[in-house]
Every structure is written in structure tokens, then in C-alpha cells.
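Model, not experiment: these values are computed from the prediction. Note on naming: letters A, B, ... go to the chains in the order of the sequence lines (proteins, then strands), and numbering restarts at 1 for each one.
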Amino acid sequence: MRALIIVVASGLAACGTEGGVDGGGAHLPSRGIAGWVVGDALAIASPADATLTDPSALVVGDEVVLYLTKTSPDGDAIVRTTSRDGTTFGAPTLLLADAAAPSVAARASGFWLAFEDGAGIALAESDDGLSFTRVASSGLEGLSDPSLVVDGDRLIVFAVSAEGSIVRSEAGSDHTFSAPTVVLAPIAECTNAFGEPVPCWDGTALAGPDVRVATTPTGRTIWRMWFTGRTSVHTDLGFAASSDGITGWTRYAFNPVIKQSTSSLSPTSIVFGADYLLYWAVPTTDASGIANARITPSATLSHPTETW
Amino acid sequence: MRVALVVAVLVLSATAARANPFDYIPFGARAMGMGGAYGALASDYSANFYNPAGLATRDDLQLSIGYTLVQPTLTLNDEDLDVDAIRGFQGGLVMPGKVWGHRLALSVALHLPDERVTRLRALPESQPRFVLYDNHPQRIVLTTSVGFEVVKDLVYVGVGLTYLSDTQGRLRVTGDVDLQDENGTTLLSAVDVDFKAVRYPSAGILLTPRDDLRIGLTYRDEFDLSLDIGVVVNGDIVINGGTPERTPIVEGASLEVTSKNSNLFSPRQLALSIAWTPELCGLGWAFAGELTWSQWSRFISPTALLGTSLTADPLPLRIPPNPAPTDPRFHDTLVPRLGAEVKAIDGANVDLTVRLGSWFERSPAPTQTGNTNYTPGVKLGFGLGFTLDVVYCSDIFPKPLSLDFGALLEWMPERTHNKSNPADPVGDYRSAGTLIGFTTGLRFAF
């Protein structure tokens with residue numbers, strides 16, 4: 001009997017097939033933090049003596065709109081360019097002169113723009129996203145690299161303080177901003193895999209926050225932040241998140257997420273169709289200086305599970 | 001009788017023990033139709049799992065063969081994880097006899113998956129998976145049992161053993177590694193893999209105080225299959241290897257990487273079952289209930305514990321230690337099951353029995369708010385089925401031929417998992433699922 005069982009078992013096992021994608025490993029949740037596939041630098045036409053930096057991405061309809069700082073001998077200006085696929089962008093058009101580091105957020109009708117105007121953070125608004133009108137100064141002086149979040153009537157600005165921390169300030173419908181409070185600060189010392197103290201990847205300063213308010217698959221609100229971390233040697237990109245946008249900002253355990261041979265600055269991330277897209281600036285001499293990466297659904301990765 | 005002796009030898013030669021897919025789907029078509037409330041009724045091959053004592057209530061030799069297929073649709077955030085189906089041949093043999101005037105029955109039962117005999121797998125603990133379905137049912141089950149009538153027509157006892165094998169293996173590599181020239185590298189390898197037999201016991205008692213009342217108690221021991229594999233490299237790191245100018249840089253270097261993990265855990269179980277088999281309205285009925293306690297609190301993380309050791313002095317090389325897997329913090333469960341069947345047609349040549357059953361199981365896993373992503377949910381199961389007994393007397397089949405069919409629907413309502421760490425790599429998710437399947441089989445009595 002035992003021999004019979006063994007013979008039958010062997011025969012049937014040999015006829016069998018391996019089933020499933022890793023037997024349960026298909027369509028695993030994808031929340032757009034890791035797993036980026038880095039593409040070529042964007043081919044955005046710009047004058048030879050100009051560089052493009054500080055990308056701020058927004059999805060408007062079926063287009064990706066990229067707001068950028070254009071630095072040329074004429075000074076800094078904010079420009080805008082669009083793409084149907086997130087990779088191929090048209091020639092940028094001028095939005096605001098004497099302005100830099102744009103962050104655009106959609107409101108119920110129209111758009112808000114936060115930017116650097118030399119003295120601090122300034123605001124502008126627009127009905128169509130093409131023509132912006134400056135409004136009264138935010139009063140947020142001494143800050144840089146704004147990231148704007150619109151929450152109903154509230155405007156919330158995340159920016160970088162002179163100390164290299166990321167701060168938060170918010171304003172109501174009167175556009176009077178509260179005193180900034182630190183939400184994320186550099187941490188000088190981390191622990192390596194051996195439990196030994198080592199310098200942190202973002203130990204010197206933080207920069208370039210990009211904050212988005214996302215909804216998770218369970219309906220919770222999560223505040224997502226991409227940011228730049230600096231040491232004396234590297235400039236890389238990392239991720240942090242908070243449940244309320246005010247407290248409990250927690251760094252991703254496997255930061256930095258984007259670590260390349262060149263410095264990486266000013267990340268901005270969007271959900272575009274079924275893909276997550278991440279753009280950032282790189283100090284190179286190529287066409288645009290804007291790098292990009294993408295996470296696409298696959299046999300093992302689901303569609304975006306967090307959306308904004 | 002010779003076959004019975006072989007089974008007896010198999011039973012008695014076992015020394016230790018362990019479990020199975022029937023924690024997740026009922027074993028056999030009749031059990032499936034009864035919603036798994038079968039511990040007090042089982043006397044066919046499935047008694048090997050439900051209660052081996054029931055084997056001794058059988059008078060005729062019975063051979064069963066069938067097939068089971070259960071297709072899961074288990075989703076995270078509404079997307080199907082493509083978990084493998086539970087499918088394979090099922091069957092067994094029950095051989096009754098008498099010793100000192102008391103009934104004795106030996107039995108062997110087999111669940112033989114037709115895609116793989118057994119799959120051992122250690123995924124990262126952060127990878128979301130339906131941990132009790134993605135791999136646990138993917139294994140062969142071979143059980144041998146013996147049932148004995150202790151007190152005539154009143155008390156029956158049974159014991160059983162289920163077999164599988166642990167895997168322990170090492171790839172041992174020795175030789176020289178040339179830092180500069182790959183042609184100077186000479187390595188000899190040896191593989192040493194040991195598939196050690198493991199067995200887990202089950203035992204049962206069955207009381208029949210009245211002709212229409214059966215009370216059973218079944219114990220099934222805990223099962224945990226270990227997978228222990230590794231690579232051991234010993235040798236010298238040299239330059240100019242394989243030449244007269246061979247110069248050692250490191251003498252006696254060694255690298256050992258081992259991976260140990262627990263697979264296919266099945267909890268210790270105690271099942272109390274009762275069946276009432278009255279004649280009502282001229283029809284033969286069976287009402288059955290079962291309550292199973294499962295000790296899931298001892299669930300062992302299926303994540304591999306990686307061990308690394310490197311000696312390469314004087315080179316400044318080292319490998320960081322690996323953290324131990326997180327305690328899954330499962331908790332024990334109580335699973336109630338109810339089933340009923342009625343002989344709807346009691347004909348001269350054809351009998352038809354139909355049945356219905358249901359069960360409910362709380363999730364043994366807590367809501368997954370931390371690093372782990374084991375996602376079993378609450379389960380509500382329904383079974384239905386029938387048995388068609390055909391009297392087709394011949395020299396070959398002197399007793400009725402029985403065709404069994406059972407169908408199953410198991411529903412896992414949506415469960416939400418909100419992560420305490422907002423920067424968790426996986427993030428919040430919803431899990432849900434259904435399993436739909438059937439078991440069919442033929443029973444031949446002699």
C-alpha cells in the first residue's frame with residue numbers, strides 16, 4: 001500500500017503545474033513610497049543659459065502640469081509646462097517674474113500658488129492656473145521652499161526655516177498665517193545595522209518639502225511629505241508621513257528613497273492615472289535638470305492605494 | 001489482512017507527531033456538506049481527521065476516492081492576490097475487523113494536492129498575505145489511524161498519526177577564492193539535505209449511549225514544519241590561485257548563511273462533537289454540532305530567521321545581525337459548527353441523502369497595525385451536499401455504491417487594517433475574501 005501511495009503521489013506530482021503569481025503575491029498594495037523606476041531626465045526645452053529647478057507637479061484633467069523655477073541671467077521666474085504622459089513636456093511658458101520655488105494647489109475653483117519672492121513666502125491665486133495674481137504677503141519671512149496645501153478655506157504652508165527644519169503655518173480666509181512650528185528637523189545621529197551611531201542621511205538640513213493630503217484605502221487621511229535631506233556629502237530624497245499633518249511626522253524606515261550619484265533636490269509627487277510619478281531637480285547640465293521616476297501597476301503591484 | 005498489517009505497522013512505528021489543510025476546508029464530501037460538524041458522525045476515511053474512534057463503528061470495508069477543489073478569491077483593497085486553489089485527490093481505506101470480540105478498524109487517509117506535494121515558503125513579514133491560506137493548505141496529508149471498541153456498542157477510542165517531513169539542508173563549499181582571477185578560483189561543493197520524518201498525533205473518543213446519540217471528543221496535536229537551509233563556505237582568499245605563486249590573503253575564511261523558519265503551523269485542537277440521528281416523520285435525520293478550540297496563540301511567525309557568520313581576518317568585513325521576526329500575537333479561537341442531513345429518498349435501489357451545514361470562526365490574528373501583515377479575517381462558512389447510494393449488487397460490489405458531493409462557500413467580510421505608523425511601507429488596507437469549492441467522491445463498500 002505504501003509503495004502504491006508513493007507511486008501515485010509521484011506520478012500526480014509530476015503532472016502538476018506551479019500555479020499563481022507567487023501563490024498570493026499578486027497586486028500587493030502600492031502606496032507610492034518605494035519601488036521607483038528612475039527614467040531619463042525630462043526633455044524640457046529651455047534657453048541654453050537657463051536652468052529649471054524646483055518642480056511642483058499637479059494633475060489637471062488628463063494632463064500633468066509642472067511648475068518650475070527658471071533661473072537665467074534675467075533672474076528667477078516661475079514657468080509652467082504640461083504633459084499628456086508625464087514624461088514628454090512642452091516648452092515652458094512664463095507665469096510670474098521675480099519669483100521662485102513654486103508650489104501650486106487646486107482649490108474648489110481655481111488655484112493657489114505659494115512661492116519665494118525674495119523676502120519670504122508669497123501667495124498668488126488664479127482661476128485658470130495660467131494667469132496668477134499676487135495677493136497680500138503671507139508674512140512668512142525668512143522661510144523658503146514652500147509647499148502649499150489647501151484644506152477648504154484653510155491654507156497650510158510647509159516651508160524650510162533658516163535652521164534647515166521643515167515648519168508648518170496655516171491661515172484662514174483672511175490669509176493671516178500663524179507662527180511657524182517645526183514638524184520635521186534634522187537628526188544628526190542615527191544607528192546603523194550594528195547598533196552603532198552614524199551620521200543620518202538628513203543630518204545637516206532638510207529642504208524642499210512637498211506635502212499632499214492623501215486618502216488611504218480604508219478612508220483615513222494621511223499627510224504625505226517628500227523632502228530633501230542633506231549631509232555635508234550627499235543630498236538625497238526621503239519620505240515622511242503624519243496622520244494629522246501637525247504632529248507625529250514619522251520618517252520612512254528605509255530613507256533615503258532616492259539616492260543617486262548626483263544630488264537630488266525638491267521632490268514632488270503625484271498620482272497620474274494608474275501611476276505614481278515623482279519629479280525632482282538634479283544639478284546637471286542636461287536639457288532640463290528635472291529627473292523623474294514612476295511606479296506602474298504590475299503583476300505584483302496593485303494600482304495606487306493612496307490617492308490625492 | 002496483509003494490508004491491515006501494513007497500516008498497523010505504519011501506525012505503530014511512528015514516534016513523534018504533527019497537522020493540515022482541513023483546518024481551512026472540511027475533509028471529505030460529507031463533512032463539507034455538514035459544515036465540518038462531523039466529529040461524532042465520521043466513520044469513513046475522514047474519521048482519520050475528525051475522530052479516529054468513529055472508525056470502529058464501521059462494519060464494512062470501505063474504499064473511497066475523490067477530488068476536492070476550493071478556489072479562493074482573496075483581495076486586498078479589492079484586488080485579487082491570486083492565492084492558489086486548494087485542490088487534489090482525497091481518499092482512503094477503512095478496514096474493520098474484530099479483536100477479542102471487540103471491533104477494531106484500521107484506516108489510512110490521503111489528501112494529495114495535484115499541483116505540488118508540499119510547499120515551504122518564508123516571505124518577509126511585511127508582505128501582506130492571507131497567511132492561513134496562501135501556503136498552509138499546500139501540502140500532502142497522509143494519516144493512519146486505528147479505532148477500537150472499548151465497551152461494546154458504547155465506548156470507542158481511536159488514535160491517528162499524520163506524516164510529513166522537516167527539511168534540513170546545507171550546501172558546503174570549500175576551496176580557494178581568487179581575488180584577481182576567476183580562473184584561479186577552485187571550489188568543491190557538497191550538498192547535505194535531510195528530510196526528517198515528523199508525525200503528529202490525534203486521538204478521539206466516541207460515546208454512543210443510545211442508538212440515536214453519538215458524542216465525540218477529538219484531540220489533534222500542534223504541528224509545525226521547520227525549514228532549515230544554509231550555505232557554508234570555507235576556504236582561503238588568495239591571489240594567483242591555481243599557480244605555483246599562490247599567495248593566501250586570508251587563510252581559513254568562512255561564511256555561513258542559514259535560514260530557519262516555521263512552516264505550515266497547525267494549532268493544537270480539541271473538538272467536542274455531538275450528533276442526534278432520530279427518525280422523524282418517517283425520515284432518517286442527523287443533526288450534528290461541534291465546537292473546536294484551536295490554540296492559535298502558539299502560532300509561530302513564518303518569517304525566516306536569518307543567521308550569518310563571517311570570518312575573514314584580517315579583512316575588515318562584517319555582516320550585520322538580522323532582527324528576529326515579530327511575534328504574530330495570534331489568539332485562540334472557538335469554532336462552532338452545525339450540520340443536518342436527511343435521507344430524502346429511501347428507495348429499493350437508490351437512496352438520496354441531502355445535507356446542509358454552517359460554521360463561524362473569529363480571526364485568530366489581531367488587526368494588523370504594525371510591521372506584520374497577516375490578514376486572516378472572520379470566516380462564515382456554508383456547506384451543502386448529497387449522497388447517492390446505489391444498490392448495484394455484483395460479485396465486485398456486493399454493497400451499495402455511494403456518490404458523495406459537497407459544496408462550500410466561505411465568506412470573509414471586509415476587514416480594515418489601519419497602520420499605527422503613518423509612514424508604514426504598506427500602509428492602510430482592506431482585506432476580504434471568499435472561497436468557493438466542492439469535494440466529490442465515490443465510496444465502495446465490501
Grab the two heavy atoms, one from A/Ile33 and one from B/Asp424, that are nearest each other, plus how far apart they are. CD1-O, 4.0 Å

Measure B/Leu74 against the heavy atoms of chain A and call it side chain, backbone, both or neither at under 4.5 Å. neither

Do any N or O atoms from the side chain of B/Glu79 and from the backbone of A/His303 form a donor-acceptor pair under 3.5 angstrom? yes

State the CZ-OG1 distance between B/Arg430 and A/Thr216, to the nearest 0.5 angstrom. 9.0 Å

Atom CZ of A/Arg31 and atom CG of B/Asp428: how far apart are they, to the nearest 0.5 Å? 7.0 Å

Residues B/Asp82 and A/Ala26: closest non-hydrogen pair is OD2-CB, 3.6 Å

Could you tell me if B/Asn418 and A/Thr218 have a donor-acceptor pair between their side chains, going purely by distance under 3.5 Å? yes

Part of A/Thr305 within contact of chain B (heavy atom distance under 4.5 Å): side chain

Closest non-hydrogen atom pair between B/Ala423 and A/Thr250, with its separation: CB-O, 3.3 Å

Counting only heavy atoms not in B/Phe446, do more than 12 fall under 6.0 Å of its CZ? yes

Which pair of non-hydrogen atoms, one from B/Pro128 and one from A/Leu28, has the smallest distance, and what is that distance? O-CD2, 3.6 Å

Looking only at heavy atoms, what is the nearest atom pair of B/Pro321 and A/Phe194, with distance? CD-CD2, 4.0 Å

Which atoms of B/Pro425 come close to chain A, meaning under 4.5 Å heavy atom to heavy atom: side chain ones, backbone ones, both, or neither? both

Please report the closest heavy-atom contact between A/Pro217 and B/Asn77, naming both atoms and the distance. CB-OD1, 3.0 Å

Distance from B/Leu76 atom CG to A/His27 atom NE2, nearest 0.5 Å? 11.0 Å

Any salt bridge linking B/Arg318 with A/Glu196? Criterion: basic side-chain nitrogen under 4.0 Å from a carboxylate oxygen. yes

Non-hydrogen side-chain atoms of B/Pro320 and A/Asn192 separated by less than 4.5 Å: no

Side chain, backbone, both or neither of A/Arg224 within contact of chain B (heavy atoms, under 4.5 Å): neither

